[in-house]
Amino acid sequence: MKQDIINHILMHRDDVVKREHIQKYIEMADGSSATLYARDMFDRAIAATFELVMDEQLDPWDIDLVSFSRQYLKKIRQTGAIDLITAGRIVLMAWKVLRLQSDHMVTVLERKEQEPQPLWDEIPDWYMEDDEYLFTRTVIEQGPPIEEKVRRQGERKVTLVELINAFEEVRDDLEQREKRQRRRTREQERLAAQAERDVGDNAHQEDVEEEIRQVLAKLSKLNGRAIPLQELCSQRDRQEMVMVLSSLLFLAREHKIVLWQENFPYGTIYVKNRHHDGT
Amino acid sequence: MTAPEERIVEAALFSAGRPLAIEEIVEAVPLTRRKVERALAALMEDYAQRGGADQTAMEVARAGDKYVMQLRSAYADYGKKLSGMEVPLHLLKTLSLIAYYQPVTQADMKDMVGGKIYDHVKELGELGFLRVRDHGRTKMLEATTYFYEYFGFDTTDRDKIKEYLKKRIKGQR
Amino acid sequence: MTAPEERIVEAALFSAGRPLAIEEIVEAVPLTRRKVERALAALMEDYAQRGGADQTAMEVARAGDKYVMQLRSAYADYGKKLSGMEVPLHLLKTLSLIAYYQPVTQADMKDMVGGKIYDHVKELGELGFLRVRDHGRTKMLEATTYFYEYFGFDTTDRDKIKEYLKKRIKGQR
């Protein structure tokens with residue numbers, strides 16, 4: 001009877017090896033003092049089983065606590081009587097087994113988390129060709145067949161000669177910089193002098209006004225006859241052309257003359273005095 | 001043998017700390033190409049012998065089409081920390097697969113290793129190990145010369161590299 | 001002797017490519033301080049012997065409190081073209097000026113080289129070449145003992161250094 005009860009609350013009942021072990025455990029448990037408090041054969045069998053777990057003789061997961069609960073309730077219903085002290089002890093033991101089960105579970109889960117997760121999932125069928133399949137699988141499961149080569153990382157020492165060369169170079173650098181600075185100073189001085197001269201060129205403004213007067217005087221002498229622009233420039237150099245042209249533009253804006261061109265853009269530009277135009 | 005030419009080439013390899021083409025050595029030292037070649041062969045032989053007797057931690061080896069002084073594999077781990085290198089394992093795996101299957105499309109590689117291939121290809125490209133070309137809607141992946149040099153392959157012939165990788169894997173199993 | 005400990009420390013020195021304090025080596029490799037010290041002594045001895053027979057272009061040497069694998073001076077020139085300088089030229093220029101004018105204030109140096117002096121002083125201080133002391137509102141700059149060691153001056157007499165620099169420059173011109 002005891003064997004049956006134990007078998008019921010144990011998992012892996014079909015495992016022959018385990019059954020042999022269990023027989024041994026039962027014999028051990030019979031000699032144990034801890035089970036003596038249970039007078040009932042049934043209680044004693046359960047207590048013996050739980051005790052084996054707590055003595056680390058049995059894996060806590062070998063106990064089927066659900067089956068145990070069912071059996072225990074059935075027994076209470078059948079007998080109607082219950083030894084509360086023994087029942088209390090057995091429930092406490094069952095709780096301890098449950099604790100062991102959950103501790104065991106946590107340890108297993110933690111170990112699983114620590115284990116590196118496989119990087120590759122499954123090897124696709126199209127790689128089943130022998131050598132290639134073997135290669136791919138071995139690389140993925142066991143690691144790469146290549147390794148980094150370790151080479152010297154060093155940079156070399158600097159020599160005294162290089163220090164001296166550096167000194168020479170930096171002295172050249174400094175000399176060059178001084179030269180550049182001197183050149184910059186000279187340039188600044190030159191620019192300052194130029195600025196001064198430019199201020200003196202205010203006379204230029206007066207030149208322009210004089211030029212306008214002269215151009216107008218020339219045109220007035222023509223009594224309203226038109227003349228080509230070139231004829232107003234006696235020397236035809238660039239500067240004179242600019243002077244004459246800007247004078248004419250000024251006079252045209254003042255409506256003192258008329259300017260026109262035959263055949264744009266290369267035709268001759270004509271000028272005439274507006275006051276003799278009669279318009 | 002106490003050939004000063006061997007020492008001169010040894011000095012060049014030691015100070016460069018990277019694979020050198022024969023031309024680079026010829027430019028840097030006062031030796032003819034012929035002498036440099038002879039010195040390289042002698043150096044490789046000498047280092048191999050001394051390495052065999054565990055009398056040196058280094059070796060002189062071919063790396064792609066170049067020559068390099070580096071730690072023997074057995075001692076690589078002791079130098080990694082100090083030389084500040086380490087290509088992460090997951091990249092090494094992907095890279096060795098690409099080296100085996102090359103030229104291979106990113107799409108095919110995705111079938112093999114999954115969606116993380118995009119990150120891997122990007123990182124491997126940045127490290128200089130992969131040449132990535134557009135190929136229709138996907139990309140074509142190939143190992144660079146730098147890959148052969150960095151990982152110390154003594155050839156750039158793809159078939160030979162495939163053979164080598166296959167052999168290494170068989171040793172691993 | 002084929003002590004793997006010696007090889008491990010050799011691997012560390014080779015890959016770092018810069019002088020390492022014993023503590024740095026102890027941190028980077030799985031050896032006790034005692035074993036690292038013993039390996040360093042053995043390495044220096046081995047390299048010195050092989051160097052004496054011209055069987056290596058390198059040496060393992062002390063640099064202040066640190067240890068370094070570097071080219072023997074006889075081969076230093078052959079490596080120059082191929083490796084980057086530890087002190088970049090712009091810093092080297094400033095350093096040479098300070099070495100010439102020292103003790104010199106940061107303010108005076110600023111007049112000479114401009115606002116970049118602040119960065120330069122910081123970097124040169126970090127490289128161990130400058131001693132920087134407060135001096136009123138500015139700083140007083142001087143070369144350190146390490147500076148003299150590094151450039152192989154056989155004296156720390158400032159005037160002599162100045163004379164030396166002046167003479168060398170005149171000789172070069």
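All chains are named by letter (A, B, ...) in the order of the sequence lines, taking the proteins before the strands, and each is independently numbered beginning at 1. Only heavy atoms go into these numbers, but all of them, side chains included; no hydrogens, no water, no symmetry mates.
A:Asp131 and B:Lys166 make their closest contact through OD2-NZ, 3.2 Å (heavy atoms, listed as atom of the first residue, atom of the second, distance). Considering all non-hydrogen atoms of both residues, A:Glu148 and B:Val87 come closest at OE2-N, 2.7 Å. Nearest approach of A:Val139 to B:Lys93, heavy atoms of both residues: O-CE, 3.4 Å. Heavy atoms only, all atoms of each residue included: A:Gly143 and B:Ile169 are closest at O-CD1, 4.5 Å. Across B:Met69 and A:Arg151, no two heavy atoms sit closer than the pair O-CG, 3.6 Å.
In this view, B:Asp157 satisfies the side chain to side chain donor-acceptor pair (under 3.5 Å) rule with no residue, not counting sequence neighbours.
When heavy atoms are compared at a cutoff of 4.5 Å, B:Phe129 does not approach chain A at all. For B:Ala63, the part lying near chain A is the side chain, with the backbone staying farther off; criterion is any non-hydrogen pair under 4.5 Å. In this structure, no portion of B:Tyr78 lies under 4.5 Å from any heavy atom of chain A.
For B:Lys162, the NZ atom counts as densely surrounded, since its 6.0 Å shell holds more than 12 non-hydrogen atoms of other residues, nucleotides or ligands. B:Lys80 NZ: more than 12 foreign heavy atoms inside a 6.0 Å radius. Heavy-atom contacts from other residues, nucleotides or ligands closer than 6.0 Å to CZ of A:Arg99 number 12 or fewer.
Side-chain atoms of B:Tyr101 come within 3.5 Å of backbone atoms of A:Glu132 as a donor-acceptor pair (strictly under, hydrogens ignored).
From B:Ile161, atom CD1 reaches atom CD1 of A:Ile146 across 10.0 Å, with rounding to the nearest 0.5 Å. In this structure, the separation between NZ on A:Lys149 and OH on B:Tyr150 is 11.5 Å, given to the nearest 0.5 Å. If you take OG on B:Ser83 and CZ on A:Arg152, they are separated by 12.0 Å, rounding to the nearest 0.5 Å.
Ranking B:Ser96, B:Ala99, B:Gly152, B:Ser73 against chain A, the residue ahead of the rest is B:Ser96, based on heavy-atom pairs under 4.5 Å.
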